[in-house]
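The shown structure was predicted, so the numbers you read here are calculated from the model rather than taken from an experiment. Both counts, for ligands and for their atoms, begin at 1 and track the order of listing.
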Amino acid sequence: MSRKKFLLGNWKMNKVPSEALSFMEKAPEMAALASKKGIEIGVAPTFLCLEAVKAKAPKGFVVSAQNVNEHSSGAYTGEVSPLMLRAIGIDHAIIGHSERREYNGETSKACNLKIKALLAEGLTPVYCCGESLATYEAGETVDFVKTQIEEGFADLTKEEAKKVVVAYEPIWAIGTGKSASKEDAEKTISAIRGVLKEFFGETAEEIRILYGGSVKPNNIKAYLACPDIDGALVGGASLAPESFMELIEESV
Ligand code: PGA
């Protein structure tokens with residue numbers, strides 16, 4: 001089973017619409033290079049920029065939200081639903097990023113509801129997991145991440161599970177310039193695939209698992225060369241179009 005490599009830029013709370021549009025001027029060039037390399041690419045802007053970025057996105061260039069609410073509509077002030085994303089042509093959403101877990105108290109069980117809501121609308125969840133430095137130093141990474149996977153994927157069918165993309169991002173590697181070694185990343189990602197196999201059998205071979213945390217043009221190739229690592233979720237290095245182009249160039 002060959003899983004197409006996926007490079008997704010997470011812009012976090014950066015870029016006003018004019019800046020997002022200026023990035024997208026380079027999108028056709030990016031898409032052409034990605035297609036030559038045989039990889040899938042995309043970016044996750046803020047809700048505010050989604051529609052404008054989507055309008056400029058070439059075919060196959062993924063535009064993802066960074067979060068979503070689990071309900072379709074109703075009295076949830078400040079929230080955006082999967083139905084609304086679909087209505088403007090958005091088909092991916094990042095779920096459970098460690099910054100949302102930390103600052104917004106999101107739990108894996110809450111993420112599970114969001115994942116189900118996205119799948120019900122035909123959208124692709126990019127489900128994030130990853131351990132803190134203390135957990136890493138205590139040697140408890142695999143156990144910790146396994147629980148996040150079990151809770152996030154709870155009650156999904158095989159058909160649903162294979163549509164989810166997982167992003168393993170050690171918290172201590174995010175925005176710190178201190179990336180995980182490719183051996184550590186591969187070890188944890190292969191353990192994640194192991195848990196998915198327990199739940200979903202051979203379907204786990206179809207689920208893409210990305211690495212995230214200080215991925216840069218000078219280290220992306222090493223990660224993507226690992227057998228279980230199917231791409232990267234990239235923050236800082238995805239913001240400038242030049243750097244994003246370099247990530248694509250160096251990816252495979
Ligand atoms: P970083 O962020 O690449 O800046 O470390 C990754 C992420 O948070 O998704």
Side-chain angles (χ1 to χ4, degrees), residues 5-15 19-20 23 30 34 39-47 49-50 53 62-68 90 92-106 108 111 114-115 118 124-133 135-136 141 144-145 148-149 152 164-182 184-186 188-189 192 208-224 226 229-251:
K5 305 272 189 210
F6 185 23
L7 167 60
L8 182 63
N10 174 12
W11 287 352
K12 309 191 180 186
M13 199 174 70
N14 293 294
K15 295 191 190 295
E19 291 165 333
F23 179 102
M30 293 166 180
I39 68 166
E40 187 173 19
I41 58 164
V43 292
T46 62
F47 285 130
C49 295
L50 282 176
V53 169
V62 168
V63 183
S64 171
Q66 298 175 12
N67 176 37
V68 79
I90 301 302
H92 285 62
I94 297 173
I95 296 299
H97 189 279
S98 63
E99 286 148 17
R100 294 206 57 84
R101 290 178 187 263
E102 182 177 355
Y103 307 130
N104 301 80
E106 277 187 22
S108 299
C111 292
K114 296 182 180 210
I115 289 171
L118 285 168
T124 302
V126 180
Y127 176 54
C128 301
C129 59
E131 82 288 1
S132 66
L133 186 59
T135 302
Y136 173 73
T141 297
F144 182 84
V145 172
Q148 290 182 318
I149 294 294
V164 180
V165 176
V166 176
Y168 165 61
E169 301 199 301
I171 299 169
W172 48 269
I174 295 177
T176 57
K178 197 176 146 201
S179 54
S181 70
K182 64 179 192 317
D184 271 355
E186 168 64 18
T188 307
I189 287 179
I192 291 172
R208 291 190 290 181
I209 312 179
L210 319 180
Y211 168 74
S214 296
V215 174
K216 308 287 176 204
N218 66 9
N219 63 17
I220 188 166
K221 208 189 241 4
Y223 292 117
L224 270 57
C226 296
I229 304 184
D230 304 317
L233 182 58
V234 184
S238 75
L239 288 171
E242 298 73 23
S243 164
F244 198 67
M245 272 299 274
E246 255 187 276
L247 285 167
I248 304 168
E249 181 62 51
E250 297 301 326
S251 62

If we only count N/O pairs under 3.5 Å, is Thr176 in contact with ligand 1?
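Such a contact does not occur with ligand 1.
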Does Gly236 reach ligand 1 with a nitrogen or oxygen that is under 3.5 Å from one of the ligand's nitrogen or oxygen atoms?
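For ligand 1, there is an N or O atom that lies under 3.5 Å from one belonging to Gly236.
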Against heavy atoms of [X], which atoms of ligand 1 measure under 4.0 Å?
X	result
Gly213	5 (O)
His97	7 (C), 8 (O), 9 (O)
Ser214	1 (P), 3 (O), 5 (O)
Lys12	2 (O), 7 (C), 8 (O)

Working note: Arg101 + Ile171, criterion side-chain contact (heavy atoms from CB on, under 4.5 Å); need CA distance, chi angles, decisive distance, verdict.
CA-CA 11 Å; Arg101 290 178 187 263; Ile171 299 169; over 6 Å; no
Any chance you could lay out the side-chain contact (heavy atoms from CB on, under 4.5 Å) test for Glu106 and Asn67, step after step, and finish with the verdict?
CA-CA 11 Å; Glu106 277 187 22; Asn67 176 37; 3.5 Å; yes
Side chain, backbone, both or neither: which applies to Ala173 and ligand 1 if a contact is any heavy-atom pair less than 4.0 Å apart?
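Looking at Ala173 and ligand 1, just backbone atoms fall under 4.0 Å.
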With a 4.0 Å heavy-atom cut-off (strictly under), which part of Ile174 contacts ligand 1: side chain, backbone, both or neither?
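Both backbone and side chain of Ile174 come within 4.0 Å of ligand 1.
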Closest protein heavy atom (residue, atom, distance) for atom 9 (O) of ligand 1
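Protein heavy atom at minimum distance: Glu169 OE2, 2.6 Å.
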Atom 3 (O) of ligand 1: nearest protein contact (heavy atom, Å):
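That would be Gly235 N, 2.8 Å.
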Approximate separation, where rounding is to 0.5 Å, of [X] [atom1] and [Y] [atom2]:
X	Y	atom1	atom2	answer
Thr188	Phe144	OG1	CZ	12.0 Å
Leu239	Lys15	CG	NZ	5.0 Å
Lys5	Tyr223	NZ	OH	14.0 Å
Asn219	Lys221	CG	NZ	12.0 Å

Give the ring-plane orientation class for Trp11 versus Phe23, where under 30° counts as parallel, over 60° as perpendicular and anything between as tilted.
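Rings of Trp11 and Phe23: perpendicular, as their planes differ by over 60°.
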Val43 and Ser238: CA distance, side-chain angles, deciding distance, side-chain contact (heavy atoms from CB on, under 4.5 Å) verdict:
CA-CA 8 Å; Val43 292; Ser238 75; 5.7 Å; no
Could you tell me whether ligand 1 has any atom less than 4.0 Å away from a heavy atom of [X]?
X	result
Gly175	yes
Gly212	no
Lys216	no

How about NZ on Lys216, more than 12 heavy atoms from neighbouring residues, nucleotides or ligands closer than 6.0 Å, or not?
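It does: Lys216 NZ has more than 12 such atoms within range.
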